Number of protein chains: 2
Amino acid sequence: MADKRTPSADPRRAPNIEDVARLAGVSTATVSRSLNSSGRVREATRKIVETAARELGYTPNFGGQALASNRTNTVGAIIPTMENAIFARAIQALQETLAEHKVTLLVATSQYRPDREEAQIRTLLARGVDGVVLIGNRRAPSAYALLNARGIPFVLLWSAPANSPFVTIGFDNFGAAHDLTTRILEKGHRRIGMISGLTADNDRAFDRVQGVSQALADHGLSLSPHDLVECRYSLKAGENAAMQLLGATQRPTAIICGNDVLAAGALRAARASGLTVPDDMSVIGFDDIELATAVFPPLATVRVPHRRMGVAAGEHLLRWMVQGERPPSLTLPTEFVERASLGVAK
Amino acid sequence: MADKRTPSADPRRAPNIEDVARLAGVSTATVSRSLNSSGRVREATRKIVETAARELGYTPNFGGQALASNRTNTVGAIIPTMENAIFARAIQALQETLAEHKVTLLVATSQYRPDREEAQIRTLLARGVDGVVLIGNRRAPSAYALLNARGIPFVLLWSAPANSPFVTIGFDNFGAAHDLTTRILEKGHRRIGMISGLTADNDRAFDRVQGVSQALADHGLSLSPHDLVECRYSLKAGENAAMQLLGATQRPTAIICGNDVLAAGALRAARASGLTVPDDMSVIGFDDIELATAVFPPLATVRVPHRRMGVAAGEHLLRWMVQGERPPSLTLPTEFVERASLGVAK
DNA sequence: TTGAAAGCGCTAACAT
DNA sequence: ATGTTAGCGCTTTCAA
């Protein structure tokens, strides 16, 4: 067996900072400074070090770096699911933003379950992430306690509560839902049904229901329990929910859906029921993912700033992590997208 | 400033293994053994240690653990994009499998670009991942060299080449495409067009084109350059490609698409052209993602074992990482799913 | 501008 | 079964 004290005894062993220092004829401190552009190093020295590092194929050992610097240059994000394109796209934007600053992203999913989310927060913290991104703002105090105990930077995406004690980067779910409902009412619809995601642990879904309710109330209408169905965010669930609404004695002339996937399900239900959209009934989605224009008729929906949220989350977090100053919250605009699935009421 | 030698001088400082050892009245080695269930520890001792750890809210420091053990319990996966549900789902399955063994997943995307993929491989290796998952088997030797230089376990998903020097977990793209084409021919179609993803750096896309070609050849037909359009995997690109095929003097009676997203685009093109599917033309997809049944008519397609690939990738990798023995390759079956978008030729 | 050296927190070999 | 202790590779004072 090779003598441990003999340098480069094992050729398979990855080169370490000492190997680089030796080859460059400098100290390990100088190598570290050169490669991290921290502290001053003469340009000529840096060149020499870089050459040596390249020659050896040196990559800093992650564990050593993390241990010594107490930073991992890693950010963790927990989203409900990767299967909804809206989150996938936001995550992609986040990752690209972080990558520009040599920070990598650890992604975990909660399946919309608070207990899983909290477990994932624990995992990420154990992984030593330097920052965390979460979706929504409603969760158990214990979850926030975990984050706060470490004093770790974290931002909440997808909602924009008025006086949050946390940094939020999102949009006004209530307002967007209120707005779209108003537009539907302007088309003459009066019997309106809604298919929502499960609101229990989902403030976005909850706020959207509230926005619809309020808009109806503003017009002297109301969203009765019969007109509202909650279900999982899946095509099949949306279809079933729509079937239920369509089975009512007075079926709605317009169905507002918590997202585009549910709306696609509602379209399928309409077709199965022999109803034509929008002539017999209108269907409205939320998110404006690609699916919205893949179905027929294309879905009227609300464009959610997923990409901008992802980018902003990355920028805010980086600022916070590096400069140590807590960034402000940010509210982004949404836009109603009118398409053929919304027609005038007959 | 607090004296560094005074233990727990800074109450904000995270508790370390020494704090736990002190509280439990044992050595740090025993704490490590208790918490990692490595080596023997008396049950009573373990209890005491666990209590102490819980009381202090102790979480092992990731950097320290990684540095000392030379393992990060992290696996990295590089997929083309998170925006295609097929990859998202496979990744989800992979993550769940790994999570059962306390291994976390680092996800990166390549956007179907070989250079980006190689850069991501570098990043993951720098991150000290213990294993890697890649999609497809065709890439530059330099990419494989990176992996091999570290002797790190890695598996390739989505394809099943006959004599790969690597561990692959996938399915027979050629065979699946050959099979679906044969079924289309059985429906009487003779003028067949194909919309494929870009085949240059994508062995799956390439193999599918070959499978279609071969099946046609088997019936004395051929896939001429005019009948084949390559484009990005997007709805819009699929629509444009279909438009091109439909503009031919003799338009195809069936269009085979490289995936379901392209097929959804083709459906849109058919509608825009005033053609009814499947009466005027058939459209066939690949993947069987949710989108396939969200569109109308629902897409005939090939069911790809995305979930099984994700699970198997996790299991094989874990086995390899822990037991050190390289697992065998695995070929999973696909299934043709007949749906309304495929009709008999008129 | 550079070097020497003290840790960072943990694991694992070895000793008991 | 448990303790002692030597590193793992890196960053960061502190000196020079």
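Below, chain A is the first sequence line, B the second, and so on; all start at residue 1. Just so it is clear, the structure is predicted and the values come from calculations on it, not from any experiment.
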Minimum-distance nucleotide to A/R42 side chain [options: C/dT2, C/dT11, C/dC8] = C/dT2
key: Integer-rounded Å distance: C/dG9 P and B/D19 CG   = 9 Å
key: Atom pair distance, as rounded to whole Å: CG in B/L56 and P in C/dG9   = 14 Å
note = Walking DNA chain D from its 5' end, the first of B/E43 and A/P60 to be reached, judged by nearest nucleotide, is B/E43
query = OP1, OP2 of D/dT11 versus side-chain N and O of A/S32: anything below 4.0 Å?
reply = yes
inquiry  = Check this for me, if you would: do B/E96 and B/R307 make a salt bridge, where the nitrogen-to-carboxylate-oxygen distance has to be below 4.0 angstrom?
reply    = yes
Any A/T45 side-chain N or O less than 4.0 Å from OP1/OP2 of C/dT2 = yes
message = Please report the interatomic distance OG1(A/T123) to CG(B/L105), rounded to the nearest 0.5 Å.
response = 12.5 Å
message = Tell me whether the side-chain N/O atoms of A/T30 come closer than 4.0 Å to OP1 or OP2 in C/dG3.
response = yes
query = For B/E18, does the CD atom have more than 12 heavy-atom neighbours from other residues, nucleotides or ligands under 6.0 Å away?
reply = no
query = Expressed in angstrom and rounded to an integer, what is the separation of B/E18 atom CD from C/dG9 atom P?
reply = 9 Å
message = Output the rounded distance in Å from CZ (A/F62) to C1' (C/dC10).
response = 15 Å
message = Measuring to OP1 and OP2 of D/dG9, would you say a side-chain N or O of A/N61 lies under 4.0 angstrom away?
response = no
query = Between atom CD in B/Q65 and atom P in C/dG9, what is the gap in whole Å?
reply = 13 Å
Close side-chain approach of B/F154 and B/V167, heavy atoms under 4.5 Å = no
query = From A/L98 CG over to A/Q95 CD, what is the distance, rounded to the nearest 0.5 angstrom?
reply = 8.0 Å
ask   = What class does the angle between the rings of A/F166 and A/Y144 fall in, given that below 30° is parallel, 30 to 60° is tilted and above 60° is perpendicular?
value = parallel
Nearest-angstrom distance from the residue atom OH of B/Y58 to C1' of C/dG9 = 7 Å
Nearest to side-chain heavy atoms of B/L67, which nucleotide of C/dT1, C/dA5, C/dG9 = C/dG9
request  = Name the closest nucleotide to the A/A68 side chain, picking from C/dT11, D/dT2, C/dG7.
outcome  = C/dG7
remark   = When rounded to whole Å, the CD1 to P distance for the pair B/I17 and C/dG7 reads 19 Å
task = Among the candidates C/dA12, C/dG9, D/dC10, find the nucleotide nearest to the side-chain atoms of B/S69.
result = C/dA12
inquiry  = Classify A/N36 by what it touches in the nucleic acid, base, sugar-phosphate, or nothing, heavy-atom distance under 4.0 Å.
reply    = sugar-phosphate
query = Taking the side chain of A/V41 as heavy atoms from C-beta outward, which of C/dT2, D/dC8, D/dT5 is closest to it?
reply = C/dT2
task = Using a 4.0 Å heavy-atom cut-off across all strands, classify B/V31 as base, sugar-phosphate, or nothing.
result = nothing
request  = Would you mind telling me which of C/dG9, D/dT4, C/dC10 lies closest to the side-chain atoms of B/A29?
outcome  = D/dT4
key: Listed nucleotide nearest any side-chain atom of A/R33, set D/dG9, D/dT12, C/dT1   = D/dT12
query = Which whole-number value in Å describes the distance from A/N16 CG to D/dG7 C1'?
reply = 12 Å
